[in-house]
Colleague: 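The structure follows.
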Amino acid sequence: MKINVTQPLQPDREMFHNYVDEILDSGWLTNRGKCVRALEKRLQSYLGVRNVVLVSNGTLALQVAFRALELTGEVITSPFTFIATASAAKWEGLDVIFSDIDAKTLNLSCEHVEQKITSKTSAIMPVHVFGNPCEVLDFERLAGERNLKVIYDAAHAFAVRLNGESIMNWGDISILSFHATKLFHTIEGGALIINDDSVCSKVRKMINFGFNEEGIPERLGINAKMNEFQAAMGLCLLENIDSAIEKRAEMVTLYDALLPKGIRRQQWTRGASKNCAYYPVVFDSEEETQQVQNALNSGNIFPRRYFYPSLDTLNFITEGQNAPVSRDISRRILCLPLFADLTASEVERIIKIISQALKE
Ligand SMILES: *Cc1c(COP(=O)(O)O)cnc(C)c1O
């Protein structure tokens, strides 16, 4: 049996079918229908945030966020993230400036970011990598001092709390991805989490061609709407998301206890909850990493080199930048399989193969 790095969370079939019937019977398939409105409300309460605006994917959430905050010039972000963080900014005509990460937390280091600020910088875009909260207090202070916007790419950080409060309440906007491979998903989908109500009402127009409540185009917009079937998937999955996270947490405990001692893990931020979205491990060398990957592949197990490559190496995003820590980590990291239906015996098999490969 093949084991992939992840497996999409499945809804209760009967519940999903009932939603599909209801949607089809109503004849209202998209354009902020009943399911989208219900999911926005339920996510606001589940996450503990003020405004959730659902969109068709996480990349569009980023693009809309840049426009809503009227960013120009340079945006400082992490080279150790999924390509969309940087490519969405580049796509929107912004210059992407990479600042290096901290080798332990794998997040942007605020200290390094400060050195990258120029007169052209309009925003900082930290990423809560693998769901691990960034130094939000430091970024808030820095952004305040330098009059910059802060957008958090929180695509990995669904349900994560810092000192009991949603991590998504920090910054001007946080974005989420609800792609099928993410912890919680709507097949394809995403969201903007916005504290300021006036920014939120602007975003609601922007994602629907710029239409106001009367259906008159009032500003420049795009089509970024989530449809009813996507939202129905979300409504089904939200019912069982806590038990899915608990099941992942049990497998994380097993990995933690049984993996060979020398393997490094991400240092988690103090006071932050864990959503168990990923299980990254860092090896001593790229050679060792590939050795482990090959051994697992031979056993029909497919971890992912995530993130690889470091984005500062991509010349269509940027040229002449160098983030040595990110480059080094990206060559030595693997995300091990982790999903709600992964079993203890599968985790034990994975660990056995890794231990064996490291002895060779
Ligand atoms: C998945 C992901 C995105 C993009 O989201 P999509 O919904 O796939 O467009 C952006 N940033 C990060 C860090 C991601 O992991």
Side-chain angles (χ1 to χ4, degrees), residues 4-9 36 39 43 52-67 75-92 94 96 98-99 101 105-108 123-134 150-160 167-168 170-171 173-193 207 222-227 229-231 233-234 237 266 275-280 304-312 314 317 323 326 329-330 333-335 338-339:
N4 268 321
V5 63
T6 191
Q7 193 173 285
L9 192 58
V36 164
L39 184 58
L43 283 172
V52 172
V53 179
L54 291 171
V55 290
S56 41
N57 61 62
T59 304
L60 266 166
L62 284 167
Q63 289 173 252
V64 169
F66 304 147
R67 298 261 178 169
V75 173
I76 302 171
T77 191
S78 172
F80 188 72
T81 175
F82 183 61
I83 178 79
T85 313
S87 61
K90 183 77 181 171
W91 190 270
E92 287 298 328
L94 298 164
V96 178
F98 290 118
S99 186
I101 57 167
T105 65
L106 310 182
N107 280 334
L108 264 190
I124 308 169
M125 179 166 49
V127 183
H128 302 302
V129 172
F130 304 129
N132 190 27
C134 296
V150 181
I151 295 175
Y152 283 105
D153 185 334
H156 297 172
F158 187 82
V160 171
I167 192 64
M168 277 157 265
W170 294 86
I173 295 180
S174 291
I175 74 95
L176 283 165
S177 164
F178 300 147
H179 184 259
T181 55
K182 300 299 202 293
L183 177 64
F184 167 81
H185 75 90
T186 59
I187 311 170
E188 290 269 5
L192 294 96
I193 313 297
I207 64 164
I222 189 81
N223 180 2
K225 301 186 301 293
M226 176 178 278
N227 71 48
F229 300 92
Q230 288 171 290
M233 179 64 83
L237 296 181
Q266 182 181 30
N275 64 359
C276 302
Y278 300 89
Y279 199 90
R304 189 161 167 212
R305 293 192 81 177
Y306 197 57
F307 302 103
Y308 178 87
S310 180
L311 300 181
D312 59 306
L314 303 176
I317 300 284
S326 173
I329 297 284
S330 70
I333 194 164
L334 287 181
C335 280
L338 183 59
F339 44 89

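Note that ligands are numbered from 1 as they come in the structure, with each ligand's atoms numbered from 1 the same way.
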Colleague: Report the part of Tyr306 in contact with ligand 1, treating N, CA, C, O as backbone and CB onward as side chain, heavy atoms under 4.0 Å; options are side chain, backbone, both, neither.
Modeller: side chain

Colleague: Heavy-atom distance under 4.5 Å between the side chains of Val127 and Cys134, does that happen here?
Modeller: no

Colleague: Measuring only between side-chain heavy atoms, which start at C-beta, is Ile167 closer than 4.5 Å to His128?
Modeller: yes

Colleague: Among all protein heavy atoms in this structure, tell me which lies nearest to atom 3 (C) of ligand 1, with the distance rounded to 0.1 Å.
Modeller: Phe82 CD2, 3.7 Å

Colleague: Hey, is the main chain of Thr6 close enough, under 3.5 Å, to the side chain of Asn4 for a donor-acceptor pair?
Modeller: no

Colleague: So which of Ala84, Ser177, Ala180 gets nearest to atom 8 (O) of ligand 1, if we judge by its closest heavy atom?
Modeller: Ser177

Colleague: Could you tell me the separation between the OH atom of Tyr306 and the OG1 atom of Thr81, rounded to the nearest 0.5 Å?
Modeller: 7.0 Å

Colleague: Report yes if Gly58 has an N/O atom closer than 3.5 Å to an N/O atom of ligand 1; otherwise report no.
Modeller: yes

Colleague: Starting from atom 11 (N) of ligand 1, locate the nearest protein heavy atom and write down its residue, its atom name and how far away it is, to 0.1 Å.
Modeller: Asp153 OD2, 2.8 Å

Colleague: What atoms of ligand 1 come closer than 4.0 angstrom to any heavy atom of Ala155?
Modeller: 2 (C), 11 (N), 12 (C), 13 (C), 14 (C), 15 (O)

Colleague: Ring centres under 6.0 Å, that's the criterion: do Phe307 and Phe130 meet it?
Modeller: yes

Colleague: Would a line drawn from the ring center of Phe184 to the ring center of Phe178 be shorter than 6.0 Å?
Modeller: yes

Colleague: Distance under 4.0 Å to a non-hydrogen atom of Thr81: what atoms of ligand 1 satisfy this?
Modeller: 13 (C)

Colleague: So, does Gly189 sit close enough to ligand 1 that a heavy atom of it is under 4.0 Å from the ligand?
Modeller: yes

Colleague: At less than 4.0 angstrom from any non-hydrogen atom of Thr59, what atoms of ligand 1 do you find?
Modeller: 4 (C), 5 (O), 6 (P), 9 (O)

Colleague: Which ligand 1 atoms, with their elements, are less than 4.0 angstrom from a heavy-atom of Thr85?
Modeller: 11 (N), 13 (C)

Colleague: As an exercise, identify every atom of ligand 1 less than 4.0 angstrom from a heavy atom of Lys182.
Modeller: 1 (C), 2 (C), 14 (C), 15 (O)

Colleague: Measure the shortest side-chain to side-chain distance between Phe80 and Ile329 over non-hydrogen atoms and say whether it is less than 4.5 angstrom.
Modeller: yes

Colleague: Determine whether the side chain, the backbone, both or neither of His156 has a heavy atom under 4.0 Å from any heavy atom of ligand 1.
Modeller: side chain

Colleague: Quick one: does Thr85's side chain have a donor or acceptor within less than 3.5 Å of a partner on Phe82's backbone?
Modeller: yes

